[in-house]
Amino acid sequence: YYYYNVFVSGVPADGNYYYEQDAGYNAYLQILQAQPVVTQLSTPEVDAKSTLDVDISAYVRAENASGEIIDGIFEWTEEFVADFKDSAVLRFPAAFIPADPNYARAEFDVEVGVIPKMLSLNFTGAVKYTYSGKPTPDMTYTVSGADEGDELDITLEYTGDRINAGAYTVTASLGNKNYAFGGADSVKVTVEAAVVTVSFEKEQYIYTEGEEIDVRLVYSGFVAGEGKDVLTREATFTLISAPGEYTLRASGARADNYTFDYVSSSIIIYRSELVDEESGAVFTGKFPANVSVALSLAENVSEGNADKLYQG
């Protein structure tokens, strides 16, 4: 602080006025201290649940407005009032006391990082299911590494569909900030499509040419009371009505949450008649497709049963 005696005298600028006498006044001129700029250049770290008597050191710098370093001392301004826990970063009050009286005392907070204790998390539930029409069971897990008596407050979050075919993610989180998971905190769970078997009603069909052919498919394996009504497209197969022996194969079924396996069948269609091209004789009955007829009559054959002419 500086003290000045201020003396006022002279002639007023306005000629309509004058001083009856010179006036003297006492006045004070105060020069304010500059405020240092304090910067914390490092963040000390301590283990979670450390006691309050741990040593803490931080790299802190004080500068003036021109960026020049100011000499002085740093000190804590009060006792620590909290354990080092439950926060990623704690702040404790400190002060810088400049050696130069032209600078003012500066108060600031020192940030102290808290290092959580690592836990080992192991997901023990299944990570692959088959579609059942119901939500998958809750994920199970084990955790090791916590201090006895500590409540970890672990919660599981499910991201995705737990019912329909596809995949979802299970993520574990800790409510106790003194701890963290040392490895992966999430796991992917897959719901695979259920398998429906598409087969024919019979392993083999036998018909004679001209008969009405009735071949139908059977679906088995739907779950949760579902059935053909969930199909977005039914299976189809090609049916040949000409005499012969054929393999029946179905394909093309579509439905959400299902895949399809196909079981083949066979069909035999017999010829209903045989014709001798030379004589024009017609034989009716049930004949394999690859059988033909040719008549050759002996002189001593006068009559007979045509059915007996074919011996297979």
Side-chain angles (χ1 to χ4, degrees), residues 119-143 152-175 181 183-270 288-289:
L119 299 176
S120 178
L121 172 67
N122 181 36
F123 291 103
T124 57
V127 294
K128 184 178 292 186
Y129 293 93
T130 299
Y131 173 72
S132 66
K134 300 177 182 179
T136 58
D138 290 341
M139 177 57 69
T140 56
Y141 60 88
T142 59
V143 174
L152 298 179
D153 190 20
I154 296 176
T155 58
L156 298 180
E157 180 181 0
Y158 298 84
T159 304
D161 191 342
R162 296 175 61 186
I163 298 178
N164 296 304
Y168 63 89
T169 302
V170 183
T171 303
S173 60
L174 281 164
F181 295 125
D185 62 355
S186 64
V187 63
K188 181 180 179 180
V189 181
T190 301
V191 179
E192 296 182 338
V195 178
V196 169
T197 299
V198 183
S199 59
F200 293 87
E201 287 182 319
K202 299 178 182 180
E203 292 185 8
Q204 186 179 67
Y205 295 86
I206 299 177
Y207 288 95
T208 301
E209 185 180 22
E211 291 181 338
E212 182 180 354
I213 299 176
D214 184 14
V215 176
R216 300 182 185 182
L217 293 174
V218 177
Y219 295 81
S220 61
F222 288 109
V223 299
E226 296 177 343
K228 290 177 58 177
D229 56 308
V230 301
L231 293 173
T232 56
R233 188 171 76 184
E234 292 195 32
T236 60
F237 59 93
T238 300
L239 184 61
I240 300 175
S241 58
E245 184 172 349
Y246 309 100
T247 299
L248 297 174
R249 295 185 179 90
S251 63
R254 297 286 185 273
D256 294 337
N257 298 314
Y258 292 96
T259 59
F260 297 87
D261 280 348
Y262 300 92
V263 179
S264 61
S265 180
S266 64
I267 184 170
I268 299 175
I269 301 177
Y270 287 110

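What you see is a predicted model, and the numbers here were worked out from it, not measured in a lab.
- The main-chain N or O of E201 is never found under 3.5 Å from a side-chain atom of R216 such that the two would form a donor-acceptor pair.
- No side-chain donor-acceptor contact under 3.5 Å links S264 to the backbone of R249.
- Atom CZ of R233 sits about 8.0 Å away from atom OG of S251, to the nearest 0.5 Å.
- Note that the CG atom of L119 and the CG atom of D185 stand 11.5 Å from one another [nearest 0.5 Å].
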### From CA spacing to verdict: side chain to side chain contact (heavy atoms under 4.5 Å, CB included), L156, Y141
CA-CA 10 Å; L156 298 180; Y141 60 88; 4.0 Å; yes

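- The shortest heavy-atom contact between Y258 and V196 is CD2-CG2, 3.4 Å.
- A donor-acceptor contact shorter than 3.5 Å links the side chain of R162 to the backbone of P137.
- Around CG of D161, the count of heavy atoms belonging to other residues, nucleotides or ligands within 6.0 Å exceeds 12.
- Note that the CG atom of L248 and the CZ atom of F200 stand 4.5 Å from one another [nearest 0.5 Å].
- Expressed to the nearest 0.5 Å, how far CD of E245 lies from CD1 of I206 amounts to 9.0 Å.
- Summarising the geometry of D229 relative to E226, their closest heavy-atom pair is OD1-C, 4.3 Å, with the distance given to 0.1 Å.
- Side-chain atoms of T130 do not come within 3.5 Å of backbone N or O of E192 as any donor-acceptor pair.
- Counting heavy atoms from C-beta on, the side chains of I267 and I269 come closer than 4.5 Å.
- Judged by distance alone, the side chain of T171 and the main-chain N or O of S186 form no donor-acceptor pair under 3.5 Å.
- Residues Y219 and A235 approach most closely at OH-N, 3.0 Å, considering heavy atoms.
- Shortest non-hydrogen contact noted between A172 and F123 is CB-CZ, 4.2 Å.
- The side-chain heavy atoms of L217 and Y262, taken from C-beta on, include no pair separated by under 4.5 Å.
- The heavy-atom pair separating M139 from A126 by the smallest distance is CE-O, 3.6 Å.
- Y246 contributes atom OH, which lies 14.5 Å from atom CZ of F237 (distance to the nearest 0.5 angstrom).
- Looking at heavy atoms from C-beta onward, I154 lies in side-chain contact with L174 at the 4.5 angstrom threshold.
- One finds the OG1 atom of T208 at 10.5 Å from the CD1 atom of I268 (value rounded to the nearest 0.5 Å).
- Under a 3.5 Å cut-off, the side chain of Y158 and the backbone N or O of D138 do not form any donor-acceptor pair.
- Between the side chains of S173 and T155, at least one donor-acceptor pair of N or O atoms lies under 3.5 Å.
- In this structure the side chain of N164 never reaches within 4.5 angstrom of the side chain of D256, judged on heavy atoms.
- Contact record, Y205 with D214: CE2-O, 3.7 Å, taken as the closest heavy-atom pair.
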